[in-house]
Amino acid sequence: MIAQTAPASTPTAAPPAQVSKPRRRKPSLYRTLSRVLIMLIVIVQVYPLAWLFLTSLRTEQDFATGDPFALPGSLTWENYARAFETGDLGRNILNSFIVTMGANVLIVLFGMMAAYAIQVLGFRFSRFVRGLFLVGIIVPVQIALVPLFIDYSTVNLLDTYQSMIIPLAGFALPMSIYLFSSFFEYIPRETYEAASLDGAGPYRIFGLITLPLSLNTVVTVVLVNSIFIWNDFIFANTFVLSEELKTIPLGLQNYIGAMGKVDWTATFAAVCVTITPLLLVFLVLNKAMIQGLESGATKG
């Protein structure tokens, strides 16, 4: 008999391995609350700007007779034309720009130089001097109005750009020195030592090393101070006597008519025109400002 051989068994293919899908992580309560809080903050910050812009496009009758917080029934650009006709808005913007730029130049120049001398060069009682500058942060500006007015009248500085630029720069110096000195502390000492070994003096080190590394901090100092200088009212109202030197906060008073009547829609249009340049600069340079705050305050 012929023995029957069993047929060779063909190997069966192994079932494909199942790829486990990553689990979708459920949002935690902390993350949800954080997002809700951020949304609320954004709404609180954006809503006034949106309301201001929409109100500047409403007609006078619509704003006076309707709900001031409702959506405009009709839109018009006449408010912007009336804003330039009622007040000297162009000159006010130019004056605010001159004062802001002049004060920022002094703040950056003297703030960097003082911080460089205190933190980098060092001298006896340098920490004490830095503490004296920081005390200036808590000094209210109101106490300087009368003495400055008397001094300005003596040296004939009343009703000039300098009468506004000097005190604005002076009261902004303490915070600027703090930011610059904190950033200079973050720069490695080896960098300055290597430059000194190459024969660089303190002025050359300041111009070729310290200044280029401090650009983000410079942007931060300029933006932070520009917001307050651009909106300054107390110094301009005290030291400016003529219409030609009025800044934006003083110029907005021109929209108050007889018997205290205010042209609100033209006023809102003027405010939109005046805050737009500052908002655009802030949006363009906000990353540099955040980096300057982190490097100048947190890491220092």
Side-chain angles (χ1 to χ4, degrees), residues 52 56 60 79-111 133 136-176 221-282:
L52 178 66
S56 68
E60 280 190 280
N79 299 326
Y80 287 87
R82 196 166 66 255
F84 281 92
E85 294 173 359
T86 303
D88 198 356
L89 191 57
R91 181 179 291 274
N92 299 148
I93 294 176
L94 178 61
N95 291 335
S96 292
F97 179 78
I98 294 174
V99 172
T100 303
M101 293 301 297
N104 277 318
V105 169
L106 295 181
I107 291 168
V108 172
L109 180 62
F110 293 139
F133 277 113
I137 297 177
I138 63 175
V139 177
V141 298
Q142 289 80 4
I143 66 173
L145 294 178
V146 175
L148 283 176
F149 188 90
I150 297 174
D151 293 339
Y152 285 162
S153 61
T154 304
V155 298
N156 295 324
L157 272 182
L158 281 178
D159 202 25
T160 60
Y161 289 122
Q162 295 90 325
S163 63
M164 294 179 284
I165 292 174
I166 293 174
L168 286 170
F171 279 96
L173 273 179
M175 181 58 70
S176 304
V221 170
V222 169
L223 287 182
V224 170
N225 291 308
S226 294
I227 296 173
F228 297 100
I229 297 172
W230 187 266
N231 298 319
D232 171 69
F233 178 81
I234 186 169
F235 287 124
N237 189 48
T238 305
F239 304 134
V240 172
L241 308 176
S242 61
E243 292 288 334
E244 289 76 13
L245 292 179
K246 279 189 174 182
T247 56
I248 291 171
L250 294 182
L252 293 178
Q253 294 179 336
N254 296 329
Y255 300 95
I256 301 177
M259 305 299 291
K261 182 181 178 182
V262 182
D263 190 351
W264 288 112
T265 52
T267 303
F268 291 141
V271 172
C272 285
V273 173
T274 56
I275 67 173
T276 299
L278 206 59
L279 286 176
L280 292 177
V281 173
F282 181 80

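Annotation for I143 and P147: closest pair O-CD, 3.5 Å, computed over non-hydrogen atoms. In terms of heavy-atom proximity, I137 sits nearest to P174 at CG1-CB, 3.5 Å. F239 and P167 make their closest contact through CE1-CG, 4.3 Å (heavy atoms, listed as atom of the first residue, atom of the second, distance). Shown here for V108 and V222, the closest heavy-atom pair between the two residues is CG2-CG2, 3.7 Å. Scanning all heavy atoms of the two residues, the minimum distance from A83 to A266 falls at CB-O, 3.6 Å.
Taking CD1 from I93 and CG from L89, the interatomic distance works out to 4.0 Å, rounded to the nearest 0.5 Å. Note that CG of D159 and CG of L245 are 5.0 Å apart. Values are rounded to the nearest 0.5 Å. To the nearest 0.5 Å, atoms CE (M164) and OG1 (T100) are separated by 9.5 Å. Going from atom CG of N92 over to atom NZ of K246 covers 8.0 Å, rounded to the nearest 0.5 Å. To the nearest 0.5 angstrom, T247 atom OG1 is 11.5 Å from I229 atom CD1. Interatomic distance, CZ of F235 versus CZ of F171, reported as 5.0 Å (0.5 Å rounding).
For Y161, the OH atom counts as densely surrounded, since its 6.0 Å shell holds more than 12 non-hydrogen atoms of other residues, nucleotides or ligands. Counting heavy atoms of neighbouring residues, nucleotides and ligands inside a 6.0 Å radius, atom CZ of F228 does not exceed 12 of them.
Remark: D88 engages R91 in a salt bridge (charged side-chain N to carboxylate O under 4.0 Å, His left out) (not counting sequence neighbours). Partners of E85 according to the salt bridge (charged side-chain N to carboxylate O under 4.0 Å, His left out) rule, which considers only residues two or more places apart in sequence or in another chain, do not exist here. For the side chain to side chain contact (heavy atoms under 4.5 Å, CB included) test, residues two or more places apart in sequence or in another chain that qualify with I166 are Y152, Q162. Residues satisfying the ring-ring contact (aromatic ring centres under 6.0 Å, His included) test with F133, not counting sequence neighbours, are none.
Identified under the side chain to side chain donor-acceptor pair (under 3.5 Å) test for residues 223-235, with sequence neighbours left out: N104-S226, S176-N225. Applying the side chain to side chain donor-acceptor pair (under 3.5 Å) rule to pairs touching residues 268-282 yields nothing, sequence neighbours excluded.
Between the side chains of N79 and S56, not a single donor N or O lies within less than 3.5 Å of an accepting N or O.
When L148, L145, V141 are each tested for a side-chain contact (heavy atoms from CB on, under 4.5 Å) with T238, only one passes: L145.
Without hydrogens or angle criteria, N95 side chain to E244 main chain gives a donor-acceptor distance under 3.5 Å. Distance alone, capped at 3.5 Å, is enough to place a donor-acceptor pair between the S153 side chain and the I150 backbone.
With contacts defined as side-chain heavy-atom distances shorter than 4.5 Å, the pair F97/P277 does not qualify.
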